[in-house]
There are 2 protein chains.
Amino acid sequence: MLNDESTNPGGEQLRARIAWFYYVAGLTQQEISDRLGIARARVNKIAGQLRADGSVVVDIRLPLLSCIKLEEQLKQVFGLKSVAVVPSADDDEQQRRMIGDAAGALLDVLIQDGQCISVGWGRTLSASIKQMRTRQLKDGSVVSLMGGLTRGSETNAFEVSTELAKTLGADCYYVTAPIYCPSIESREILLTHSGVNEVMERARRSDVAIVSCGDLTPRTKLTTIYSVRERLPELKDIGAIGEILGTFLDAQGFAVDHPLNQSVIAMPPADLKAIPNSILISGGLYKAEIIRAILSAGYVNCLVTDEAVAERLVRLAGD
Amino acid sequence: MLNDESTNPGGEQLRARIAWFYYVAGLTQQEISDRLGIARARVNKIAGQLRADGSVVVDIRLPLLSCIKLEEQLKQVFGLKSVAVVPSADDDEQQRRMIGDAAGALLDVLIQDGQCISVGWGRTLSASIKQMRTRQLKDGSVVSLMGGLTRGSETNAFEVSTELAKTLGADCYYVTAPIYCPSIESREILLTHSGVNEVMERARRSDVAIVSCGDLTPRTKLTTIYSVRERLPELKDIGAIGEILGTFLDAQGFAVDHPLNQSVIAMPPADLKAIPNSILISGGLYKAEIIRAILSAGYVNCLVTDEAVAERLVRLAGD
DNA sequence: GTTAATAAAATACAAAAGTATTAAACTAGA
DNA sequence: TCTAGTTTAATACTTTTGTATTTTATTAAC
């Protein structure tokens with residue numbers, strides 16, 4: 001019936017129509033496929049994608065008292081400006097979706113016209129950015145906080161920065177370098193050339209920094225890089241418990257003395273302290289340690305995490 | 001596990017947790033019932049309610065080109081300030097859900113601190129208000145535009161105003177009278193007494209008016225009232241095609257000369273013209289006629305409707 | 001024009017959601 | 001303490017959803 005205009009243009013109009021019918025009107029997938037004259041399997045696939053890619057966003061308008069309480073406690077204990085706590089899930093991807101949902105909402109209000117937003121990378125940040133509302137930031141810019149992976153993926157530095165810039169309608173500056181250099185010397189060469197230093201300087205002057213962190217288990221993306229994985233035992237030996245911006249930290253939040261930390265191409269964590277709004281977005285109980293280290297060191301002033309982590313952070317704070 | 005605190009308090013915390021797990025994390029209802037230690041059927045029921053009562057709101061972030069085009073055309077043709085067009089559905093309830101979704105979003109940005117919001121009633125308005133975000137309006141007030149039904153229902157004047165006032169965190173003023181008086185004389189008595197006049201005067205000075213409209217078929221709530229239903233033939237005979245604020249209009253948008261129009265307790269449609277923002281929220285092709293009449297008369301300056309109606313309005317405008 | 005590659009439709013089936021019914025637990029009032 | 005009324009759990013069953021497989025169009029390159 002409405003096929004000429006609705007099903008064809010780029011598939012985008014079809015997606016929009018399915019979004020309305022399925023998520024707002026509540027039609028069954030069968031009804032939608034009948035009306036639009038396409039296979040039900042296709043409706044099913046698209047309906048799934050819409051949620052995953054952030055085209056359909058859900059907003060929970062019921063406060064969870066236990067989470068609100070933890071938010072207040074964390075603000076107090078670590079002197080944070082803003083904290084969001086979401087329920088815990090035992091599956092990592094589910095957890096990322098919930099944290100991303102809350103982080104997206106937080107960033108929506110935090111980011112203003114004329115600001116420069118610096119951003120790390122990882123699956124959690126990728127999920128958060130997908131939940132943000134698209135807008136046209138006046139004089140906004142996005143700048144990468146760290147080098148990327150050679151091998152492309154959705155969660156790579158370039159993709160995450162690009163996605164964020166697109167969402168905000170802002171220009172994007174990339175750290176065109178690998179996250180770890182093969183040697184300390186090659187790092188020097190890269191920094192002095194190729195404009196990497198200029199971009200890092202720009203990141204240092206950003207208004208909002210969005211970062212995640214990793215522990216030393218294979219659950220963290222960074223540890224899947226070969227050059228990191230093979231040195232995990234060394235790192236653990238000298239007291240490292242995780243990383244932020246590719247820099248490995250000990251339990252007090254200090255960078256450990258290790259070649260990897262000397263060869264990393266990223267803003268040093270300590271420089272985050274100079275940025276007005278620095279948000280750590282990270283959840284999962286196995287990351288509680290490194291999150292605690294980062295908060296103790298005062299690298300960030302905003303936090304988005306899950307209930308179980310928040311509980312442990314509050315409990316350990318008594319020590 | 002988390003039962004003490006999460007399942008008990010008023011059921012509200014349980015609802016919040018289900019909302020997160022089901023709509024954000026994407027757990028199955030079985031997984032949620034296991035984790036929370038309650039029956040799956042209960043999770044199923046609550047998950048359904050959450051959508052229906054506006055605790056979980058979905059936001060479609062894909063523009064429908066055909067609808068945007070119609071919005072622009074309608075603005076032009078009828079000189080409207082703001083128009084929202086959503087896809088059409090053949091089921092009335094689905095249609096109301098979609099229109100309510102769009103209307104809620106429009107009202108969210110339109111309503112400001114310090115404003116007085118006047119509101120009619122009906123199923124469409126009820127659905128719209130449920131989609132609005134709850135907030136604490138500074139010095140805001142809500143006032144009813146018309147009398148209610150004796151028999152209570154979710155879509156009655158008192159319920160709709162109350163709900164809106166609660167959502168906005170505002171005071172509420174009711175028109176404590178039936179929508180139609182048994183006689184013209186009793187109307188006079190009611191108006192001069194019982195503060196109804198004062199409330200109507202307040203409505204006249206409101207900043208935003210939210211209204212719906214009805215046609216003369218049984219699909220419209222108003223026509224199910226006995227006193228209206230039995231006089232439908234008369235109304236049709238003298239050219240009435242529908243109503244706004246309980247006042248029956250002809251195709252040009254003028255109030256018809258009929259006892260019902262003399263006994264109605266509501267603000268006259270013409271007074272809407274003096275209100276800075278007046279929003280007509282109504283969809284369904286069978287209402288196209290009356291919507292057209294209202295727009296032609298210039299009673300409102302904002303419109304939320306569906307695609308099929310919008311198309312017809314634009315097409316008929318050529319005549 | 002033929003062919004490989006891709007996308008969509010058709011089909012079938014297992015998992016999950018929705019719904020009704022009955023049994024059990026709980027609550028408020030006598 | 002009992003009883004009527006209400007809420008929740010347990011169960012069974014139907015519809016809808018998610019997914020894999022095969023077949024049929026469509027497209028692009030040769």
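Hydrogens, waters and symmetry mates play no part in the numbers below; they use all other heavy atoms, side chains included. Worth saying up front: this structure is predicted, and the values here are computed from it rather than measured.
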Inset, instruction - Starting at atom CD1 of A:Ile46, determine the distance to atom P of D:dT17, rounded to an integer number of angstrom. - result: 15 Å
Legend entry - A:Gln95 (side chain) donor-acceptor with A:Pro87 (main chain) under 3.5 angstrom: yes
Distance-only check: which donor-acceptor pairs under 3.5 Å involve side-chain atoms of residues 99-108 of chain B, not counting sequence neighbours?
unit_1, atom_1, unit_2, atom_2, d
B:Asp108, OD1, B:Arg133, N, 3.0
B:Asp108, OD2, B:Arg133, N, 3.4

Legend entry - Distance, rounded to the nearest Å, where A:Leu50 contributes CG and D:dG18 contributes C1': 15 Å
Inset, instruction - Begin with the C-alpha distance, continue with both residues' side-chain angles, and end with the deciding distance and a verdict on side chain to side chain contact (heavy atoms under 4.5 Å, CB included) for A:Val314 and A:Glu311. - result: CA-CA 5 Å; A:Val314 168; A:Glu311 264 167 7; 6.0 Å; no
Inset, instruction - Rounded to the nearest angstrom, tell me the gap between atom CD in B:Gln49 and atom C1' in C:dA17. - result: 15 Å
Inset, instruction - Indicate yes or no for a side-chain donor-acceptor contact from B:Ser212 to the backbone of B:Gly122 under 3.5 Å, with no hydrogens or angles considered. - result: no
Legend entry - Donor-acceptor contact below 3.5 Å, side chain A:Ser126 vs main chain A:Val160: no
Inset, instruction - Give, for atom SG of B:Cys67 and atom CD of B:Glu307, the distance between the pair rounded to the nearest 0.5 Å. - result: 4.0 Å
Inset, instruction - Mind calculating the distance between CD1 (B:Ile18) and P (C:dG18) to the nearest angstrom? - result: 12 Å
Legend entry - Heavy-atom pair of closest approach, residues B:Pro63 and B:Ile68: CB-CD1, 3.5 Å
Inset, instruction - Between protein and nucleotides 8-15 of chain C, map the contacts as a letter string: B base, S sugar-phosphate only, - none, heavy atoms under 4.0 Å, written 5' to 3'. - result: SS--B---
Legend entry - Sole residue of B:Thr124, B:Leu125, B:Asp306, B:Asp91 in side chain to side chain contact (heavy atoms under 4.5 Å, CB included) with B:Arg96: B:Thr124
Legend entry - Spacing of B:Arg15 atom CZ relative to D:dT8 atom P, expressed in whole Å: 12 Å
Legend entry - Under 4.0 angstrom between A:Gln30 side-chain N/O and D:dT15 OP1 or OP2: no
Inset, instruction - Rounded to the nearest angstrom, tell me the gap between atom CD in B:Gln29 and atom P in D:dT15. - result: 18 Å
Legend entry - Rounded (10°) bend between the five-pair end axes of the helix from C:dG1-D:dC30 to C:dA30-D:dT1: 40°
Legend entry - Phosphate OP1/OP2 of C:dA17 contacted by B:Asn44 side-chain N/O (<4.0 Å): no
Inset, instruction - Quick one: closest heavy-atom pair of B:Tyr23 and A:Val58, and the distance? - result: O-CG2, 3.5 Å
